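What follows is a short report on a single structure.
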Amino acid sequence: MASGSGSLMWFRKGLRIHDNPALQYAAEGTKFLYPVFVIDPHYMEPDKNAFSLGSARAGLNRINFLLESLADLDSSLKKLGSRLLVLKGEPSEVLIRCLKEWEVEKLCFEYDTEPYYQALDFKVKNYASTAGIEVFSPVSHTLFNPTDIIQKNGGRPPLSYQSFVKLAGQPSSPLSHTLSSLPLVGDVGSCVISEVPTIKELGYVDIGQDECSPFRGGESEALKRLNEIKNDKEWVATFEKPKGNPSAFLRPATTVLSPYLKFGCISCRFFYQCLQDVYKNVKRHTSPPVSLLGQLLWRDFFYTVAFGTPNFDQMRGNRICKQIPWNDDDELLTAWRDARTGYPWIDAIMVQLRKWGWMHHLARHSVACFLTRGDLFVHWEKGRDVFERLLIDSDWAINNGNWLWLSCSSFFYQYNRIYSPISFGKKYDPNGDYIRHFLPILKDMPREYIYEPWTAPLSIQTKAKCIIGRDYPKPVVLHDSASKECRRKMAEAYALNKDSNGMVSEEDIRNLRRKLKEDPEQEAKNKRIR
DNA sequence: GAAGGGTTGGAGAA
DNA sequence: TTCTCCAACCCTTC
């Protein structure tokens with residue numbers, strides 16, 4: 001054991017050959033290389049109790065995307081004279097067993113800032129150091145090292161994009177070296193190794209192509225997509241994030257590189273370099289924060305804040321999160337989750353999420369605002385959970401960061417700016433083609449009623465073969481009054497947070513919740529009495 | 001303490 | 001398509 005002549009490359013994210021410093025270091029000066037991926041059954045195997053097909057932690061689309069990424073990685077490794085060794089079990093136990101059994105002197109894996117990996121890596125590193133195994137764990141999932149930025153800022157993460165950019169400076173460059181071959185895989189002893197499983201082998205039944213994500217996983221697919229983007233210089237040069245069209249689904253208005261960045265099928269540093277190359281060759285181009293390059297900076301911003309903020313993924317105990325007395329209403333939550341709000345724009349987006357595991361960022365904004373501060377006043381953590389499960393690109397730092405943003409709990413505070421579940425979508429897609437595609441029950445509804453079908457006369461509903469209240473639900477809330485009510489609640493909650501100077505107790509929240517439940521008219525009277 | 005700025009609101013006017 | 005107003009938030013900087 002230990003002090004052998006092999007290297008173990010532990011893949012988790014970073015599922016790529018290009019710009020992979022951990023892989024490159026693992027392959028250097030070693031006789032044997034063990035490229036390992038551990039399948040955690042909890043993450044991958046079916047859970048019948050979950051609200052959608054998938055495991056306890058991930059929806060089927062993301063599991064499938066991961067399997068495709070692994071198969072692509074395996075195929076690339078094979079071309080280089082190696083292969084992916086797939087093992088099953090609790091990752092730290094499996095890893096430590098491999099380290100014990102194989103002759104390994106170097107353990108290499110990409111550094112990861114997520115709490116899950118921090119805890120996991122702590123256990124594995126601990127064992128490696130007692131066994132005298134060298135550990136190499138470089139930062140290559142982000143452009144910058146979040147630890148450095150937090151240190152530069154005096155130990156706390158910067159809380160605005162602008163202050164982050166000032167601290168960040170220039171990102172590190174991708175590796176220029178391309179691997180042409182890899183060392184042989186060593187003897188695996190008694191460890192049970194398998195090929196990358198298929199979705200069926202994991203215990204899932206095949207679902208129709210119609211019902212699943214059109215985006216295929218893997219480094220090859222990612223590089224192909226990046227290449228197409230690079231070739232469309234005009235598109236790259238004029239990209240402005242807030243101006244994208246959320247209803248475009250035949251040709252999405254963004255790069256759809258997010259799932260590939262999430263799993264590290266593509267290197268963000270390589271992507272950054274490609275964008276700079278395009279910018280160099282055009283007369284003028286957009287700039288951060290709205291440009292494509294800006295999107296990579298936003299990604300690093302969220303990674304940095306998430307890493308430096310204890311309890312980033314919850315309201316309680318999170319010092320940058322406003323304490324707000326959200327409703328605990330399961331009926332409203334499931335109506336939203338299952339695309340039954342009665343607002344076609346909202347429901348179509350939720351269907352796209354369920355089927356594709358991806359939707360445009362403004363569509364995400366629209367439904368996140370609707371669930372939380374805009375209409376339903378349901379806790380952002382509940383919406384976060386749904387996104388985390390169903391998105392193929394769900395990324396711990398970015399998903400939580402955006403829910404904090406959209407719910408006006410952190411980063412963004414203009415709670416009066418509410419997305420309308422009717423006019424926002426109509427602005428981009430007056431005919432409702434997006435709705436007709438994802439909610440075919442409404443496909444024959446005339447365009448003047450497609451965003452508000454409950455206002456259509458019964459004769460029109462009959463003709464469209466869609467009776468509201470029978471074939472498609474009535475709205476769960478009335479947007480005009482619900483959004484007004486939400487504004488009132490947000491104002492009250494903000495006032496409480498201000499008065500308490502960031503020290504809002506559980507009891508304060510309970511009291512405010514009780515107060516907000518009172519009749520608004522009574523509330524007005526109360527104010528006058530006071 | 002005031003002023004300026006904030007990737008992505010809506011509605012109505014020009 | 002671009003503007004102002006709505007009502008007024010926060011953080012950063014000075």
Side-chain angles (χ1 to χ4, degrees), chain A residues 153-154 156-168 236 238-248 252-255 258 275 285-302 304-305 309 318-324 343 345-346 349 359-375 398 401-430 451-452 479-502 504:
Chain A
N153 200 43
R156 286 197 166 190
L159 293 179
S160 74
Y161 169 84
Q162 294 298 347
S163 49
F164 167 81
V165 170
K166 274 184 200 157
L167 291 162
V236 171
T238 55
F239 183 93
E240 274 185 79
K241 186 77 175 280
K243 290 194 178 162
N245 178 353
S247 69
T254 52
T255 62
S258 54
L275 291 174
H285 60 83
T286 51
S287 296
V290 296
S291 64
L292 263 186
L293 195 129
Q295 305 319 302
L296 284 172
L297 298 175
W298 277 105
R299 177 174 178 270
D300 261 62
F301 167 70
F302 283 124
T304 306
V305 186
T309 308
N318 179 349
R319 67 180 172 79
I320 69 166
C321 180
K322 293 259 180 247
Q323 304 298 304
I324 295 168
Y343 286 94
W345 171 246
I346 299 296
I349 295 168
M359 64 282 210
H360 187 270
H361 71 110
L362 286 178
R364 301 182 193 202
H365 281 211
S366 214
V367 295
C369 179
F370 185 85
L371 179 72
T372 57
R373 67 183 170 85
D375 290 84
I398 296 169
N402 276 307
W403 277 96
L404 283 163
W405 184 297
L406 259 299
S407 64
C408 282
S409 296
S410 198
F411 308 115
F412 176 78
Y413 306 95
Q414 287 167 283
Y415 56 77
N416 279 311
R417 294 191 186 172
I418 292 174
Y419 291 86
S420 161
I422 298 154
S423 50
F424 185 70
K426 207 186 266 181
K427 187 166 69 179
Y428 300 96
D429 178 18
Y451 284 87
E452 300 166 271
H479 174 65
D480 280 351
S481 52
S483 60
K484 273 199 190 85
E485 187 63 7
C486 282
R487 283 191 173 100
R488 183 180 75 92
K489 289 175 175 171
M490 290 300 283
E492 290 274 7
Y494 267 47
L496 172 66
N497 280 265
K498 210 171 192 174
D499 292 347
S500 322
N501 208 12
V504 180

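Hydrogens, waters and symmetry mates are skipped; everything else that's a heavy atom, side chains included, is used. Computed from a prediction, not measured in an experiment: that's the story for all the values here. Naming: A, B, ... by sequence-line order, numbering from 1 per chain.
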Determine: side-chain N/O of [X] to OP1/OP2 of [N], distance under 4.0 Å, yes or no.
X        : N      : answer
A/Ser423 : B/dA11 : yes
A/Gln414 : B/dT8  : no
A/Lys166 : C/dT13 : yes
A/Lys427 : B/dG10 : yes

Provide the distance between the two [atom1] atoms, one in [N] and one in [M], to the nearest whole Å.
N     : M     : atom1 : answer
B/dG4 : C/dA8 : C1'   : 15 Å
C/dC6 : B/dA2 : C1'   : 23 Å
B/dG5 : C/dC3 : P     : 16 Å

Near-parallel close stack of A/Trp298 and B/dT7 base (under 5.5 Å, under 30°)
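Yes, the aromatic ring of A/Trp298 stacks with the base.
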Under the 3.5 Å rule, do the base of B/dT8 and the side chain of A/Glu240 count as making a donor-acceptor pair?
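Per atom types, no contact qualifies.
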Listed nucleotide nearest any side-chain atom of A/Tyr415, set B/dG10, B/dT7, C/dC9
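Closest of the options to the side chain of A/Tyr415: C/dC9.
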Across all strands, who's sitting opposite C/dA8 as a Watson-Crick or G-U wobble pair, both distances under 3.5 Å?
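Check on C/dA8: unpaired, no WC or wobble geometry under 3.5 Å.
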C/dT13 pairs with, by Watson-Crick or G-U criteria that keep both distances under 3.5 Å:
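B/dA2 - that is the nucleotide pairing with C/dT13, both distances being under 3.5 Å.
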Angle class for the A/Trp298/A/Tyr161 ring planes (parallel below 30°, perpendicular above 60°, tilted otherwise)?
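Because their plane-to-plane angle is under 30°, the rings of A/Trp298 and A/Tyr161 count as parallel.
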Ring center gap for A/Phe424 and A/Tyr343 short of 6.0 angstrom
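Between A/Phe424 and A/Tyr343, the centre distance exceeds or equals 6.0 Å.
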Less than 4.0 angstrom from a charged side-chain N to a carboxylate O is my criterion; do A/Arg488 and A/Glu485 meet it?
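Salt bridge flag = yes for A/Glu485 with A/Arg488.
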Tell me if a side-chain donor or acceptor on A/Ser409 pairs with a main-chain N or O of A/Cys321 at a distance below 3.5 Å.
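No, because the side chain of A/Ser409 does not come within donor-acceptor range (under 3.5 Å) of the backbone of A/Cys321.
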